[in-house]
Novice: 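Got a structure here, written out as structure tokens. Questions coming.
These values consider heavy atoms only, across backbone and side chains, with no hydrogens, waters or symmetry-generated copies. Chain letters run A, B, ... following the sequence lines, proteins first and then strands; every chain starts at 1.
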Amino acid sequence: MPTRAIPYLKAVLHLLCLLPMLYLAQQYRNGALANLADPTNYLTHFTGDWALWLLLVDLAITPVRRLNPSLAWLIRLRRMLGLWAFFYATLHLAIYVLLFSGYDLPTAWAGLQAGHLGEPWNQLKLIWPRMLDDVEKRPFIQVGLFAWVLLFALAATSPQRVLRAMGGKNWQRLHRTIYLAGIAAVVHYWWLVKAGVRTPWKVTAVLAVLLLARVVYAAMKRSQKTRTAASTAI
Amino acid sequence: MLLRTEKPIPSSEITPQEVYESFTMTRRRMLSGLGAVGAAAAAAGLPQLALGETPLKFATSNYTVNDRATTPESKAKSYNNFYEFGEQKDDPARNAHKLKTSPWSVQIEGLVKTPQTLDLGKLMALRPIEQRVYRFRCVEAWSMVIPWDGFPLAELIKFVNPLSSAKFVQFISLADRKTEDLPSGISWPYSEGLRMDEAMNPLTLLTFGSYGQTLANQQGAPVRVIIPWKYGFKSAKSIVKIRFVDKMPPTTWNDLNPGEYGFYSNVNPTVDHPRWSQAHERLLNSSGNSLFVKSVPTLPFNGYANEVASMYAGMDLKRNY
Ligand code: HEM
């Protein structure tokens, strides 16, 4: 891939990552969303799925790049994909807070329109105990929140400036936790489905392959090192 | 809102409720003649055509929720848990057309004076069908308001005469690899059960239809039970066997995860499911144009405490969830 082409590729990828969002907007506009029996459930699952899928694509970049030196340019797509995963995870969280938790959106909105700027906040305070209860009691919410906080930390430290300020080593150490976010997101999924339901197995398999690729690569590198060390010893 | 709508929406969602109701009532009256013909054909043992949902002849009932709007039919028939046909809630509506509901018979077995196999037509003709509008509460913390057509299960129980040793009733659903997915994580057939007094409670409805028509396949056609004070999974679908037993029968979700799904599974806002609170529910009854789903407090016994609470007097409902 010539370096010149990369900005174009990025533009195309941005558009592709925006497509799920545009699809939602279109379903909103044509009334299809409102015609669903349970739009809240649909939106929660839709955004959760896309956050996880983009996170997995992001995690795939390093293993794929290592297959062949000619794929080195892939690394330049990693940051944007991570940010898009964070975007959908945040949308997912926002839907949890504003729709799933029982937040009274119409009242908050009517308050705003009537000039009561504090109304959205009042409504949030009303359901706050319910969300706190979720965070205290429910492991699936806890790991979800953990995954989101990690993604948030990575997104916040993603600009070049921050990288320079932090120093490459520290920055890299922090950004390796993206694997942890991936694992947490998959655990979140397993913990929220009912016993007997196996839908998360596909994403789990993909994550397992990606993690395994890392382990294999590290082992290969180590044995290479010992071999070189051995040959220099002779 | 109409401007935003490209897809055709059901008449129930664009016609004011009153107009819609009077329209369907006349339509039903016009069609009830047809229903009678079908029932007569069935009673005479003539082969019935399986044409999907057909109108039913029914009487109205006092058991009618009137403090909440009825869930639009299209929503009740497109959002179903029926794991035999897939694990996502839109799977059953997509896959259940493969379910063959005719011929159909229900085997009555176990501790009963005269074990017998009842043909569906005969079963339906046993007692007059009435329509009851019940609250329906899923264990996943959403609810609907649905008109069900059937007669009390007690009528069938009296008809088949269980022995005095029968303490529980077990319902067994169809499990057919040829037409159903039967996801591998669950052991099939689906089994549910009630204590005898619960089965005899006048609210427990042997159900053949909804919205004045025979059940859609994804709702558990052609015959199911509806137990409105319990979480939805207790209301077994596509029943092929009703068995009278002396011990608490195994039930599918309770077997899979006893910590999450009790045998009783009465709707109880004070006992949380480990993964979500049961204190509130998303009331899925809006007719159309809003994304917003109301969250309402869940009522003890799903609002049927007057009718059923006495059956559990003295029981610790936190332990017997
Ligand atoms: C504070 C953070 C989070 C909260 C409160 C949260 C909450 C939820 C809830 C309530 C559900 C639906 C559960 C149900 O239907 O019973 C869900 C599903 C899901 N979430 Fe999250 N979540 C969070 C973070 C995340 C993150 C960071 C990811 C991925 C990167 C994620 C991925 C998913 C997935 C894949 C599903 C299931 C989708 C499906 O079933 O198709 N969540 N989450």
Novice: For B/Pro274, is it the side chain, the backbone, both or neither that has a heavy atom under 4.5 Å from a heavy atom of chain A?
Specialist: backbone
Novice: Between B/Asp255 and chain A, with a heavy-atom cut-off of 4.5 Å, which part of the residue counts as in contact: side chain, backbone, both or neither?
Specialist: neither
Novice: Quick check on B/Arg275 against chain A: is it the side chain, the backbone, both or neither that has a heavy atom closer than 4.5 Å?
Specialist: both
Novice: Sort out for me which of A/Leu98, A/Leu36, A/Ile127 touches chain B most, counting heavy-atom pairs under 4.5 Å.
Specialist: A/Leu36
Novice: Against chain B, work out which of A/Leu105, A/Thr199, A/Leu43, A/Val197 has the most heavy-atom pairs shorter than 4.5 Å and name it.
Specialist: A/Val197
Novice: Among A/Thr40, A/Asp38, A/Asn41, exactly one meets side-chain contact (heavy atoms from CB on, under 4.5 Å) together with B/Leu284. Which residue is that?
Specialist: A/Asp38
Novice: B/Ser184 and A/Arg198: which non-hydrogen atoms are nearest, and at how many Å?
Specialist: OG-NH1, 2.9 Å
Novice: Do you know the tightest heavy-atom contact between A/Ala37 and B/Met144?
Specialist: CB-CE, 4.2 Å
Novice: Report all side-chain donor-acceptor pairs from residues 138-154 of chain A shorter than 3.5 Å, counting only partners two or more places apart or in another chain.
Specialist:
| from | atom 1 | to | atom 2 | distance (Å) |
| --- | --- | --- | --- | --- |
| A/Arg138 | NE | A/Asp134 | OD1 | 2.6 |
| A/Arg138 | NH2 | A/Asp133 | OD2 | 3.3 |
| A/Arg138 | NH2 | B/Asp272 | OD2 | 3.4 |
| A/Gln142 | NE2 | A/Val135 | O | 2.9 |
| A/Gln142 | NE2 | A/Glu136 | O | 3.1 |
| A/Trp148 | NE1 | A/Thr90 | OG1 | 3.1 |

Novice: Please table the atom pairs, donor to acceptor, closer than 3.5 Å between any side-chain atom in residues 83-90 of chain B and protein atoms at least two apart or in another chain.
Specialist:
| from | atom 1 | to | atom 2 | distance (Å) |
| --- | --- | --- | --- | --- |
| B/Tyr83 | OH | A/Lys194 | NZ | 2.9 |
| B/Lys89 | NZ | B/Glu140 | OE1 | 2.9 |
| B/Lys89 | NZ | B/Glu140 | OE2 | 3.3 |

Novice: In terms of heavy-atom proximity below 4.5 Å to chain B, should A/Leu99 be classed as side chain, backbone, both, or neither?
Specialist: side chain
Novice: Is A/Tyr42 in contact with chain B via its backbone, its side chain, both, or neither, using a 4.5 Å heavy-atom distance?
Specialist: neither
Novice: Answer whether the closest heavy-atom distance between the side chains of B/Ser295 and A/Arg130 falls below 4.5 Å.
Specialist: yes
Novice: Indicate yes or no: at least one non-hydrogen side-chain atom of A/Asn35 is less than 4.5 angstrom from one of B/Ser74.
Specialist: no
Novice: Minimum heavy-atom separation for B/Val293 and A/Pro39, please, with both atom names.
Specialist: CG2-CD, 3.7 Å
Novice: Looking at A/Tyr103 and B/Phe292, what are the two nearest heavy atoms and their distance?
Specialist: O-CE1, 3.2 Å
Novice: What are the two closest heavy atoms between A/Ala195 and B/Trp253, and how far apart are they?
Specialist: O-CZ3, 3.4 Å
